[in-house]
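Each remark here refers to the structure printed beneath this line.
Proteins get letters first, then strands, A, B, ... in listed order; numbering begins at 1 in each. Worth knowing before you read on, the calculation uses all heavy atoms, side chains too, and leaves out hydrogens, waters and symmetry mates.
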There are 2 protein chains.
Amino acid sequence: MIIINIIEIAKLAGVSKSTISRYLNDGYVSDKNRLKIQKIINSTAYKPLCHAKALRTKITNLIGVIVPKISTETASRVVEGISNEVSKYGYDILIANTNLSVDKEIKYLEIFKNNQVDGIIFMATKLTEKHLSIMDSIEFPIVVIAQKTENYPCVYYDDYNASKDMVKLLLNKGHREIAFIGVTEEDISVGFERKRGYIDALKEYGVSYKEEFFKKGDFSMDSGYKLAAELMNQNEKPKAIFAVSDSIAVGAMQYLTDMGYKIPEDISICSIGDSKMSRVVTPKLTTAHYFHKTAGEKGGEIMMELLNKNSGYSKKIMKKINLGYRLEIRNSIK
Amino acid sequence: MIIINIIEIAKLAGVSKSTISRYLNDGYVSDKNRLKIQKIINSTAYKPLCHAKALRTKITNLIGVIVPKISTETASRVVEGISNEVSKYGYDILIANTNLSVDKEIKYLEIFKNNQVDGIIFMATKLTEKHLSIMDSIEFPIVVIAQKTENYPCVYYDDYNASKDMVKLLLNKGHREIAFIGVTEEDISVGFERKRGYIDALKEYGVSYKEEFFKKGDFSMDSGYKLAAELMNQNEKPKAIFAVSDSIAVGAMQYLTDMGYKIPEDISICSIGDSKMSRVVTPKLTTAHYFHKTAGEKGGEIMMELLNKNSGYSKKIMKKINLGYRLEIRNSIK
DNA sequence: TTGTAAGCGTTATCAC
DNA sequence: GTGATAACGCTTACAA
């Protein structure tokens, strides 16, 4: 494999390699030489080797992106947004898929820490002490997506209010027996904040929180199915269910339908996510739309800003973007 | 940002940097020194700079992955498979999202060609002359996923037979008026091969192909909706529809349901994809399951093999993997 | 088994 | 405006 390098180009153009380098970078070259060089470079399709450049300048034009599970609708849309944005500036992205393993998150933070990337965009599910301690030791920009955090620039969703609004929607329709299906509160956004929204909405309407109406599982349809079964087989049965994710809700709907309950006549159901599924189930699921692609774009944008402060990365830039949400009111509630 | 380098480590360990390098690579070091070095490296958390290494060895431990649209279920699962597989061997992946633009495919092939990666995994929708010409000029391994090609190792789906089997399923149920909703034949796998399967299935059963039953659109639900409308508003109406993708089929189902047709009583429908959607629509969609994650894993596996022939990359290794499919017979056909 | 020194392809410094 | 030359951090002959 013959690599044509800057020296070859210099020879062909009859100048020194410094001049070629200047042509490529600051552009400080006479018009005469500029033309000659341009011609040579076009005809040879020469591209500077990025590793050599990186070694010298410590700039890689690579952004490390850590995602919990690339094969989810959420993560893949976020990645799409990041990719669209940073590629405008000549950056590429290095994907680290953690398969929801915290150990792998730490591992990839470590890997990215030492080399290879100019910045990290971390799509987080939780930020433990361990996360924060290694993140603090990283000397280049980190942007967090999907969790709110004091310590880093971040793009997050308004989980508390989305959840609260959704539950208020049910309350406004007169519902008082509203069950909640959630996930572990270690997941601050989905587990903790959405639960808080649920509780506060009830409080605001003077409805007392009932332990039997509160269930916790994982993100799967199965989990939704099982927990709906639990809910409907206890003495006190809800007349509405709010699930923290579409998958859970759809799983629950499946149980309800299997058991002959009519949605929304017998029971209402809603959730958060606006997944493709939510739009094709019967009845169509009432849910909250989150702007995942936008989240990725904004995250990429912040990263580009941070990297642009060529006076060196300033820890002072702490942009935090609350992305909001849009209620998608469809036919699963009454 | 202070970078601790191999020289520092060498000083601390009281040996030369060559010894450190050997410790890190071939391991040709005395036990005494090995222990000393190990201690130093652990206490300093030293990691060799990969760009310096890459510059010297021409090995980057990076695989470029080109996908048509990362936010689709298909692509994101393929990427997950690739990532899982190659990360076992210490490789990372660089994602290029082309947003279905052929120009961008070419652009990224060019970018990856010149530097940066040890191999390319290309999830292709079509392979034009332009693609092949630049691919031929690339001197390191390329693996193609989702299209069958003579020139490169590839992992592909059996589109012809999946399609044929699906249509035969309808024929076996006694259907004779079977419509087809496809996409452009430039997409060899989805457009051309699946159409061929449809036609040959009909032929095998002595059913004549009718122009009015053949529709072509894009991959969207909208397209399915509109083309179903066309089909049902012409003189000759089908009693069954085979769509080349789940999205198209679900769009069509929506039209049919909106118009009061009963599925499968009035009309049967099936497709290929086994997307999440297909499992939650009513009735559940009969479709063919493709092993996307496996495709990614196999693609990664082939790449690792190609890269392992450390006698240099041999163009002779031409593994081609036909992944098969599994029919998911559900309630949308009768 | 170890150390010395050259070299990978760039950019940065400095003198001209 | 330009060209030598050193330097980035690592691997790898080669010599010891």
Side-chain angles (χ1 to χ4, degrees), chain A residues 1-38 40-41 44-62 90 113-118 139-140 310 312, chain B residues 1-38 40-41 44-62 90 113-118 139-140 310 312:
Chain A
M1 173 145 108
I2 299 150
I3 286 184
I4 177 150
N5 63 18
I6 199 169
I7 295 183
E8 295 296 321
I9 300 292
K11 273 186 201 154
L12 289 171
V15 296
S16 77
K17 60 178 177 170
S18 319
T19 303
I20 306 294
S21 178
R22 274 192 291 267
Y23 171 88
L24 259 16
N25 299 292
D26 52 31
Y28 217 62
V29 179
S30 68
D31 287 351
K32 199 188 74 190
N33 279 338
R34 180 185 314 284
L35 263 128
K36 258 198 287 185
I37 296 172
Q38 193 169 43
I40 301 291
I41 287 189
T44 53
Y46 162 74
K47 280 275 178 61
L49 241 203
C50 60
H51 301 291
K53 200 166 177 161
L55 177 56
R56 190 59 236 236
T57 61
K58 306 281 167 257
I59 293 171
T60 66
N61 277 275
L62 250 31
K113 172 184 174 172
N114 287 291
N115 36 80
Q116 197 146 32
V117 299
D118 296 341
E139 321 231 12
F140 49 77
N310 37 19
Chain B
M1 175 146 106
I2 298 149
I3 285 183
I4 177 150
N5 63 18
I6 198 169
I7 296 184
E8 295 297 320
I9 300 292
K11 273 186 201 153
L12 290 170
V15 297
S16 77
K17 60 177 177 169
S18 334
T19 304
I20 306 294
S21 178
R22 276 192 289 270
Y23 171 88
L24 258 15
N25 298 292
D26 51 31
Y28 217 61
V29 178
S30 67
D31 288 351
K32 199 189 74 189
N33 279 337
R34 180 184 314 284
L35 262 128
K36 257 198 288 185
I37 295 172
Q38 193 169 44
I40 301 291
I41 287 189
T44 54
Y46 163 73
K47 280 274 177 61
L49 243 203
C50 60
H51 301 290
K53 198 167 180 162
L55 177 57
R56 188 60 234 242
T57 61
K58 307 281 167 250
I59 293 171
T60 66
N61 278 277
L62 249 32
K113 173 184 174 173
N114 287 292
N115 35 82
Q116 199 147 32
V117 300
D118 296 342
E139 321 232 12
F140 49 77
N310 37 18

For atom [atom1] of [X] and atom [atom2] of [N], their distance in whole Å:
X	N	atom1	atom2	result
B/Ile20	C/dT1	CD1	C1'	14 Å
A/Ile4	C/dG9	CD1	C1'	13 Å
B/Leu55	D/dC8	CG	P	14 Å
B/Tyr28	D/dA13	OH	C1'	14 Å
B/Ile59	D/dC10	CD1	C1'	13 Å
A/Leu24	D/dG1	CG	P	18 Å
A/Arg22	D/dG1	CZ	P	11 Å
B/Ile7	C/dG3	CD1	C1'	13 Å

Using a 4.5 Å cut-off on heavy atoms from C-beta on, say whether the side chain of [Y] contacts that of [X].
X	Y	value
B/Pro48	B/Leu24	yes
A/Asp118	A/Leu62	no
B/Val117	B/Phe140	yes

Hey, does the side-chain of [X] have a donor or acceptor N/O within less than 3.5 Å of a partner on the base of [N]?
X	N	answer
B/Ser18	C/dT4	yes
B/Lys53	D/dT11	no
B/Arg56	C/dG9	no

Looking at every non-hydrogen atom in both residues, tell me the closest pair between [X] and [Y] and how far apart they are.
X	Y	value
A/Arg34	A/Tyr23	O-CE1, 3.7 Å
B/His51	A/Gln116	NE2-CA, 3.4 Å
A/Gly90	A/Asn61	O-OD1, 3.7 Å
A/Asn33	A/Val29	CB-CG1, 3.6 Å

Among [options], which nucleotide has an atom closest to any side-chain atom of [X]?
X	options	answer
A/Ala52	C/dT10, C/dT2, D/dC10	C/dT10
A/Ser16	C/dT4, D/dA4, D/dT11	D/dA4
B/Ser30	D/dC10, C/dT1, D/dT2	C/dT1
A/Val29	C/dT10, D/dT2, D/dC8	D/dT2

Indicate, with a heavy-atom threshold strictly under 4.0 Å, whether [X] touches base, sugar-phosphate, or nothing.
X	value
B/Ser21	base
B/Tyr23	nothing
B/Leu49	sugar-phosphate

Open item on the list: I want to check one thing: is the phosphate of C/dT10, taken as OP1 and OP2, less than 4.0 Å away from some side-chain N or O of A/Thr57?
Closed with: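 So the side chain of A/Thr57 is outside the cut-off, no N or O lying under 4.0 Å from OP1 or OP2 of C/dT10.
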Task: Distance test, side-chain N/O of A/Asn5 to OP1/OP2 of C/dC8, below 4.0 Å - done: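 No, A/Asn5 has no side-chain N/O under 4.0 Å of OP1/OP2 on C/dC8.
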Open item on the list: When the axes are fitted on five pairs at both termini, how much does the helix from C/dT1-D/dA16 to C/dC16-D/dG1 curve, in 10° steps?
Closed with: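 Nearest ten degrees gives 40° for this helix.
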Can you give the donor-acceptor pairs under 3.5 Å from side chains of residues 4-12 of chain A to other protein atoms, not counting sequence neighbours?
{"unit_1": "A/Asn5", "atom_1": "OD1", "unit_2": "A/Ile7", "atom_2": "N", "d": "3.1"}
{"unit_1": "A/Asn5", "atom_1": "OD1", "unit_2": "A/Glu8", "atom_2": "N", "d": "3.1"}

Task: Pairwise 5' ranking along DNA chain C for B/Lys17 and A/Ile6, keeping only the more 5' one - done: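 Nearest nucleotide further toward 5': that of B/Lys17.
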